[in-house]
Protein chains: 2
Amino acid sequence: MPTEPLSRGRIVAAAIGLIEREGADAVSMRRIAADLGVGVMSLYNHVPSKDVLLNGVAEAVLSKIEFTDDPDAHWTDRVRMQARAFRQIAHHYPRSTMVVVSRQLHSAAGLLPVERALATLRSAGFGGADAVSILRMFIAYIVGSLLREVGVTPTFAPVHTRTIKADSVDATLFPEVGSLAPLLDECDHEAEFEFGLELLIQAMVAHSARSR
Amino acid sequence: MPTEPLSRGRIVAAAIGLIEREGADAVSMRRIAADLGVGVMSLYNHVPSKDVLLNGVAEAVLSKIEFTDDPDAHWTDRVRMQARAFRQIAHHYPRSTMVVVSRQLHSAAGLLPVERALATLRSAGFGGADAVSILRMFIAYIVGSLLREVGVTPTFAPVHTRTIKADSVDATLFPEVGSLAPLLDECDHEAEFEFGLELLIQAMVAHSARSR
DNA sequence: ACCTGAACACCGTTCAAGT
DNA sequence: ACCTGAACACCGTTCAAGT
């Protein structure tokens, strides 16, 4: 039975599948080739190196973000929706998120979200420089939030590992950490993300009012 | 000449040096051993695996943050200083920053900065839950900012590579990106960090006033 | 044009042997 | 207690050979 022919897309998809199944450390050209049922060197007919293959993984994951933009909504709501859409990759591709975040993409893969964000900010009345700086702040916040969210689960095994045990922290050296241990122990990722998102949006509103 | 005896500390220091000199990808147990003038397997007398060695690298870099806290300063100034101190690691250990950020530390290495931040926020009148959420938002923002700062220079070779060329962007598909290309092309990392930092701090002040 | 096995220069880590 | 070389099971990638 003649399977579907090898292609860059199939290789990238196999890599993403492998990452999600076994983690980024499990990715090797040989494993991917084995998963696809081909010889290792066949991959190199479609991809020049492992490094650019991983760039392809990052681009593919980024391009799968589902942006549903409503141009009629208030700009603060549009910003909210776009930020949440970005966060979805941490849910759909948790183990690939680290790959996305740790690669500098010089391609146009991430350009569509940037375009939409800038358009939204400009429509809200922000100047070009402010729009770019605000976008960068937002991206930093989202990326950092995703890292916390997926970094906490490098493997899904220890589903409830307490990072800080109240009784193990020297209460004289770290009194605040000690007394807040119950709060530090648990992290509702969605709630934390929304908390920061609202603060950021309100900061933007205030900044907009100041510079008006 | 009997060189200093091998130790976990010397091994971690050698790893950090290697990372800063040649990048995180260059790190291998064999290279570290060679740099230290010992056999590979000697390392395993002091470090159980490469994985926990890299955790040691992350902890060592984190512990080198220089926090100069002034308890008499206004809490917003203290938050500013702490955030800037954190950002210093991107300057002192640029290539190690990715290692720090990509490892989940279950140790007490990062506890001192957390303690100081929480103490500052509580002294500003924030409740425990708010203090924890605000700290998490700040850490997300700082981590994301550091990633942008060091991710842009995986190697220092292309000192001025333009990521987006104005004429290469389809102006009809990406009009905003096209018109803002000059701004997107350059990034004053310190200025961008400070921009977001001020917005975050003002958001905190507003949040504090609201919940007072 | 696409596939491939052999080969090269690497990895992390186990183990048994040394002192 | 600390060091170590040999060995094992892996890597990414080059190259020459196939179709």
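Proteins get letters first, then strands, A, B, ... in listed order; numbering begins at 1 in each. What you see is a predicted model; the values in this text were computed from it and never measured.
- Interface limits on DNA chain C: the 5'-most and 3'-most nucleotides within less than 4.0 Å of chain B heavy atoms are dC11(C) to dC15(C).
- Among all heavy-atom pairs drawn from Ser96(B) and Val61(B), the shortest one is CB-CG2, 4.0 Å.
- Applying side chain to side chain contact (heavy atoms under 4.5 Å, CB included) to Phe138(B) and the options Leu121(B), Val143(B), Leu197(B) leaves one that passes, Leu197(B).
- For DNA chain D, if you chain together Watson-Crick or G-U pairs that step i with j, i+1 with j-1 and so on, the runs of at least three with distances under 3.5 Å are C:4-8 with D:12-16, C:12-16 with D:4-8.
- Ser145(B) and Glu192(B) share no donor-acceptor pair across their side chains, judged by distance under 3.5 Å alone.
- Within 6.0 Å of the CG atom in Asp25(A), the count of heavy atoms belonging to other residues, nucleotides or ligands does not exceed 12.
- A cation-pi arrangement, defined by a distance under 6.0 Å to the six-membered ring centre and an angle within 45 degrees of its axis, is absent between Arg136(B) and Phe195(A).
- Closest heavy-atom contact between Met29(B) and Leu43(B): O-CD1, 3.2 Å.
- Remark: the backbone N or O of Asp69(B) is not paired with any side-chain donor or acceptor of Gln82(B) at under 3.5 angstrom.
- A heavy-atom distance below 4.0 Å to DNA chain C is reached by these residues of residues 41-55 of chain A, ordered by number: Met41(A), Ser42(A), Asn45(A), His46(A).
- Of all the heavy atoms in Ala26(B) and Arg31(B), the pair that sits closest is O-CG, 3.9 Å.
- Here the closest heavy-atom approach between residue Ile89(A) and residue Thr97(A) is recorded as O-OG1, 3.6 Å.
- Applying the side chain to side chain contact (heavy atoms under 4.5 Å, CB included) test between Ile11(A) and each of Val57(A), Asp35(A), Leu53(A) identifies Leu53(A) as the sole match.
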